[in-house]
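Below, read A as the first sequence line, B as the second, and so on, with proteins coming before strands; counting in each chain starts at 1.
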Amino acid sequence: MLRTHKCGELRKAQVGETVTICGWVDSRRDHGGLVFVDLRDRYGKVQVVFDPSEGAEQHAAAGDVRNEDVLQVTGRVVARAPKDVNAKIPTGEIDIRSQKLVVLNKSRTVPFEPSTTNPPNEEFRLKYRFLDLRRPRLQELVLFRHRLTKLIRDYFDRDGFLEIETPMLGRSTPEGARDYLVPSRVHPGCFYALPQSPQIYKQILMVAGFDRYMQIARCFRDEDLRADRQPEFTQVDIEMAFVEREDILQTVDGLVKFLMREVRGEDFPLPLPRLTYREAMERYGSDKPDLRYGMELHDLGPLVQNCGFSVFKNTLAGGGRVRGLCAPQAAEKYSRRQIDDLTLFVKDFKAQGLAFFRVTEAGLDSPIAKFFTPEEQAAIKAEFQAQPGDVIFCVADKPSVTSAALGALRSRLGKELKLFDPNQMHFAWILDFPLFSWNEEEKRWDAEHHPFCNPVPEDVPFFETDPGQIRATSYDLVINGYEGASGSVRIHDPAVQQKVFDLLGIPAEQAEERFSFLLEALRYGAPPHAGIALGLDRWVMLFTGCDNIRDVIAFPKTQKASDLLSGAPSTVDARQLKELSIRVEEPPK
RNA sequence: GGCUCCGUAGCUCAGUCGGUUUAGAGCGCUGGCCUGUCACGCCAGAGGUCGCGGGUUCAAGUCCCGUCGGAGUCGCCA
């Protein structure tokens, strides 16, 4: 070992001991006579004093030391005089008086200091990720991720779950997200796909009798990125046999309670709240509402069906809806111009427009208020129990558009009006999703969750009459407006599986070709089973209060899926391509 | 693929409404001084294809078009 102690662990208790420590130069203060160096490792930093009276050589060498050089220092731990104590750091009551200095490695001048209080832009941080990761904040996030992952493993281990690895090189299935493909050398023209999730394998593990499975699984989806989406990400993948929906919900409820206690010391009440999909869409306009605040959507149809405002009246007459929400005390924060911005915002969600009313003592103040009788105004005000200073926003449109537009508006206003405590974590289940959704462009039914999701048994008759009515035995766990986990009871009956494929328009022979290994497995005694997958990156992000997923991933990719540190993706040698029987059609410029 | 924002010294930024001169500051860097600093201090200094390309103009960091890169978002994400 090159060290006897870590920099950050030294305290008054070690005073008098001679120690050897290693670390990076966090900063150097050269007083000509005395030289002070803050030496940093991942446990913290400690001040080393280089005094000429302890040896001319080590003192002179300290004068040549620069930031981020790697040092090994042997010296005595001494207590600081009371006036010299630095209360800002845990090691501030002691110094290391150097007796020997070894420069283990010089550093080039770093493009930015890990100790900076004002980190550079993200592009630069990603290019020099090894320096960025030296920053205390990032070290803290990496450490927390380790801890959370370990707690999750412990929780499932204690409950008898087995961690089983599944292949990374699998078979491409055209449904779902775009696959990342890996060419096969020994099978020219054939490709593996990296897993979008271990879905099929974990179901097969159930058939194989491993009735409690979990895996911290890396997954890959070649879709466009977001603040909470990376092309490769980590799922806590769970599957259980001989269980019902309720068992999965309770298992995850227990995990949440366990984590909230271990991480935050909070006694989290169970069960977690549950809402149906229909209820979520009706009250919040979203299937993943942020439930840290209210500001619910209200149906204004009955109140305005006879009003003088033709937009509302005509929309209602045409089968549309008029819905709205009441933004508390927004009148002063939103000028006319800012409301125009909100109007543009809801147009992104296909809304034709955004009506608004400023709530006053007397009634409603708005360019369109004149179209509403005093009674109608009073009714709208009463519907929201609106207070003077509030602003009521309304969208009149197709039902789905009112949800999408108002759901997005609610989310935006919630942030802008700071309607929630950023430290709070709110978990809720969304249940009874539709099993299928109608794809208007392609004129066909799509699986809302995935094609292996079991329908709610009493809805099975709807297969013949109204597939849109079929509820799925699926469930999402929503955390602060993010989809934190998603799962379902699976189909274990080949006949039901066949019904689903039929409705999705996947011909029997095609289903057989794509999923034969699953379908075959289901025919050999598949137990009823259900599962769920947690988005580990998002959980870490939410627990740590980060606003993007990249900060909790050691080596993340940019929005264009590049790794700025390594330069991936890159072109490859012609020889490699030839070996793989691949010809690139249009070589990059 | 669409929309929006950003790109000036190694880094963080200023550079105005309204186009012009030698493009500035702080941090960092280099040299010197300094024995109790911890955002050390003091003195001196170096450092710029204003992302890139084109256009408008007597004149472009500034205006216009394109492009590259980064971010947010819609589509997409069974």
Side-chain angles (χ1 to χ4, degrees), chain A residues 26-38 45-54 59 63 66-68 78 80-89 91-92 95 97 108-128 131 173-179 196-197 199-200 219-231 233 341 344-350 404-405 408 411-412 433 435-437 439 441 445-453 472 474 483 486 488 500-501 504 506 514-515 535 547-548 550 557-560 562 564 589:
Chain A
D26 199 61
S27 75
R28 179 184 61 114
R29 294 173 295 281
D30 186 347
H31 287 228
L34 288 179
V35 178
F36 299 94
V37 168
D38 291 342
K45 57 184 184 179
V46 67
Q47 174 166 278
V48 182
V49 183
F50 296 88
D51 189 323
S53 68
E54 301 280 354
H59 175 259
R66 292 295 180 270
N67 284 349
E68 301 308 311
V78 298
R80 294 195 194 183
K83 72 174 173 58
D84 293 333
V85 165
N86 181 355
K88 286 184 227 159
I89 57 172
T91 62
D95 282 330
R97 283 188 74 83
R108 283 192 177 184
T109 300
V110 287
F112 67 95
E113 304 283 326
S115 58
T116 184
T117 49
N118 183 17
N121 72 66
E122 199 175 352
E123 186 177 354
F124 201 74
R125 286 172 44 204
L126 290 176
K127 185 171 170 190
Y128 294 97
L131 294 179
T173 54
E175 280 73 27
R178 220 172 276 120
D179 283 325
Q196 297 177 23
S197 81
Q199 182 61 38
I200 291 175
C219 305
F220 305 84
R221 293 179 190 175
D222 185 7
E223 296 292 348
D224 286 347
L225 280 68
R226 289 287 185 280
D228 65 342
R229 260 162 45 185
Q230 282 272 304
F233 60 102
D341 281 347
L344 287 175
F345 176 72
V346 297
K347 284 183 175 170
D348 285 346
F349 299 88
K350 305 282 182 290
S411 169
R412 176 170 168 172
F433 281 78
L435 187 61
F436 302 108
S437 59
N439 184 328
E441 287 91 72
W445 291 101
D446 285 340
E448 184 73 25
H449 183 51
H450 59 55
F452 317 111
C453 174
S474 64
E483 182 190 308
S486 182
S488 62
V500 171
F501 284 146
L504 292 175
I506 304 175
R514 290 177 190 172
F515 306 113
D547 57 7
N548 77 72
R550 295 181 298 279
K557 291 183 174 56
T558 68
Q559 199 165 69
K560 288 210 172 81
S562 307
L564 298 180
K589 293 166 213 141

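The main-chain N or O of A:Arg178 is found under 3.5 Å from a side-chain atom of A:Glu223 such that the two form a donor-acceptor pair. With hydrogens and angles ignored, the 3.5 Å screen pairs no side-chain donor or acceptor of A:Glu68 with any backbone N or O of A:Arg108. A:His450 places a side-chain N or O within 3.5 Å of a backbone atom of A:Phe452 that can act as its donor or acceptor partner. In this structure a side-chain-to-backbone donor-acceptor pair under 3.5 Å is missing from A:Asp95 to A:Arg97. For A:Gln196 (side chain) and A:Arg221 (main-chain N/O), no donor-acceptor pair under 3.5 Å exists by modelled atom type.
A:Phe124 comes within 4.0 angstrom of the backbone, heavy atoms only, and of no base. Within the nucleic acid shown, A:Pro451 comes within 4.0 Å of at least one base atom, counting heavy atoms only. A:Thr117 comes within contact range of no nucleotide atom at all, as no heavy-atom separation falls under 4.0 Å.
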Inset, instruction - Any chance you could list the contact pattern along nucleotides 71-77 of chain B? Use B for base contacts, S for sugar-phosphate-only contacts and - for none, protein heavy atoms under 4.0 Å, 5' to 3'. - result: BBBBBBB
Legend entry - nucleotides 31-40 of chain B: protein proximity per nucleotide (B base, S sugar-phosphate only, - neither; heavy atom, under 4.0 Å): S--BBBBBSB
Inset, instruction - In sequence, state the C-alpha distance, the side-chain angles, and the governing distance for A:Phe50 and A:Val37, and then conclude on side-chain contact (heavy atoms from CB on, under 4.5 Å). - result: CA-CA 8 Å; A:Phe50 296 88; A:Val37 168; 3.6 Å; yes
I'd like a list of close polar pairs between nucleotides 24-28 of chain B and the protein, N/O only, cut-off under 3.5 Å.
none

Between the protein and nucleotides 43-45 of chain B, which nitrogen or oxygen pairs are less than 3.5 angstrom apart?
none

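Using a 4.5 Å heavy-atom cutoff, the side chains of A:Lys557 and A:Ser562 are not in contact. Residues A:Pro119 and A:Phe112 fail the side-chain proximity criterion, which asks for heavy atoms closer than 4.5 Å. With contacts defined as side-chain heavy-atom distances shorter than 4.5 Å, the pair A:Gln230/A:Leu225 qualifies.
Here, B:C65 and B:G41 have their P atoms 46 Å apart, quoted to the whole Å. Comparing B:C3 with B:G10, their P atoms are spaced 33 Å from each other, to the whole Å. Look at the C1' atom in both B:U8 and B:U49: the space between them is 12 Å, to the nearest Å. Of the C1' atoms belonging to B:A23 and B:U62, the separation is 12 Å, rounded to the nearest Å. The same atom, C1', is picked in B:C34 and in B:A44; the two are 15 Å apart, to the nearest Å.
Residue whose closest nucleotide on RNA chain B sits further toward the 5' end, between A:Asn118 and A:Glu448: A:Asn118.
Across all strands shown, the partner of B:G31 is B:C43, judged by Watson-Crick or G-U wobble contacts whose two distances both fall under 3.5 Å. Pair assignment for B:U16: none, as no Watson-Crick or G-U wobble contacts are both less than 3.5 Å. The partner of B:G69, taking Watson-Crick or G-U wobble pairs whose two distances both stay under 3.5 Å, is B:C6. Base pairing of B:C63: its partner is B:G55, meeting the Watson-Crick or G-U wobble criterion (both donor-acceptor distances under 3.5 Å). Under the Watson-Crick and G-U wobble criteria, each requiring two contacts below 3.5 Å, nucleotide B:U21 is left unpaired.
A salt bridge links A:Arg550 with A:Glu122: the distance from a Lys NZ or Arg NE/NH1/NH2 to an Asp or Glu carboxylate oxygen falls below 4.0 Å.
In this pair, A:Phe501 and A:Phe515 present their aromatic rings parallel. The plane angle is below 30°, not in the 30 to 60° band.
Distances shorter than 4.0 Å separate none of the side-chain N or O atoms of A:Asn121 from OP1 or OP2 on B:G7.
Residues satisfying the side-chain hydrogen bond (donor to acceptor under 3.5 Å, both in side chains) test with A:Ser437, not counting sequence neighbours, are A:Glu448.
Listed by first and then second residue, the salt bridge (charged side-chain N to carboxylate O under 4.0 Å, His left out) pairs that reach into residues 29-38 of chain A are A:Arg28-A:Asp30, A:Arg29-A:Asp38, sequence neighbours excluded.
The two residues A:Phe433 and A:Ser474 come nearest to each other via the heavy atoms CB-OG, 3.5 Å.
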